[in-house]
Amino acid sequence: TQSTWESNPFRGRRSMVLIPKSHKILVYEYLLKEGVICVKKDFGLPKHPDIAVPNIHVLMMLKTLKSKGLVELVFNWRHYYYFLLKEGVTFVRQQLGIAEEVYPDTYKESTTHMVIYEDREEGDRPQRPRGPRGEGRGRFGRGGGGRGSRSMSGFFFKQK
C-alpha cells in the first residue's frame, strides 16, 4: 500500500491555493469596475487594502489571468499593477454574467478636459510675475550664489 505522501500528485511542488468562489467574484467585480488593480508583493498580508479578500488570493488569481493573456502586468517597487485588456473584459463579464454594455472606468472617456488658451499665439508661454530687481533666485538658482554674494562661489572665482 502507498502512503498518502507517495500517492500525492503534487509531491515536491508548492501547494495549491484554493480560492473560494465568493472571493473570485469580489476580485472580478473590482477589476471590472476599476479596470486596474494594484497588489502589494506581500504573500503574508491578511487582506487586500481595497477588497475584503486575502492578498495571496488576489495575487494568484491575477497571476492566472496574466498567464491566459487577459491582463497586462507592470511591476514597480514591490507592487504589481494589473491592467485589464479587452479580452479580459469579455472574460470577466462572462464569469459574472453581466451585460456587454458594462465597461471599466479606465475605458470610459474622462469628464475633465484640458484647458486650452485660445487667446495666446503659438509659442507664447505665460510669464510668471517677477519682483523688483534684486529679489528672486539670483544668477545660479536657488541660493543666489552670484559673484558678489557670500557663498562658496567666491572661493572658485576671482573677485575684482
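If you're wondering where the values come from, they're calculated on a predicted model, not measured in any experiment. All values below were derived from every heavy atom in this structure, side-chain atoms included, with hydrogens, water molecules and symmetry-related copies excluded.
- Residues Ile19 and Met61 come closest through the heavy atom pair CD1-CG, 3.4 Å.
- At a threshold of 4.5 Å between non-hydrogen side-chain atoms, the residues Met60 and Phe43 count as touching.
- Shortest non-hydrogen contact noted between Ala99 and Arg93 is O-CD, 3.0 Å.
- Hydrophobic clustering (ILVMFWY, side-chain heavy atoms < 4.5 Å, transitive): Leu26 and Val71 are in one cluster.
- Side-chain atoms of Tyr80 and Lys63, non-hydrogen and from C-beta on, never get closer than 4.5 Å to each other.
- Lys40 approaches Asn55 most closely through the heavy-atom pair O-ND2, 2.9 Å.
- Note that OG1 of Thr90 is 7.5 Å distant from CD of Glu100, once rounded to the nearest 0.5 Å.
- Taking every heavy atom of both residues into account, Ile37 and Ile51 meet most closely at CD1-CD1, 3.7 Å.
- With hydrophobic clusters built from ILVMFWY side chains whose heavy atoms lie under 4.5 angstrom apart, Val27 shares a cluster with Leu73.
- Cluster annotation: Leu65 and Phe75 are assigned to the same hydrophobic cluster (Ile/Leu/Val/Met/Phe/Trp/Tyr, side-chain heavy-atom contacts under 4.5 Å, transitive).
- Atom OH of residue Tyr30 and atom CG of residue Leu84 lie 12.5 Å apart, to the nearest 0.5 angstrom.
- Both Ile56 and Ile25 are assigned to one and the same hydrophobic cluster, defined by single-linkage of ILVMFWY side chains at heavy-atom distances under 4.5 Å.
- Counting only heavy atoms from C-beta outward, the side chains of Val92 and Leu70 never approach each other to under 4.5 Å.
- Contact between Thr64 and Ser67 at its shortest, heavy atoms only, is O-OG, 2.7 Å.
- Closest heavy-atom contact between Pro54 and His23: CD-CE1, 3.5 Å.
- With values rounded to the nearest 0.5 angstrom, Leu85 atom CG is found 8.5 Å from Lys66 atom NZ.
- In the hydrophobic clustering of this structure, Leu62 does not group with Val74; members are Ile, Leu, Val, Met, Phe, Trp, Tyr whose side-chain heavy atoms approach within less than 4.5 Å, directly or through other members.
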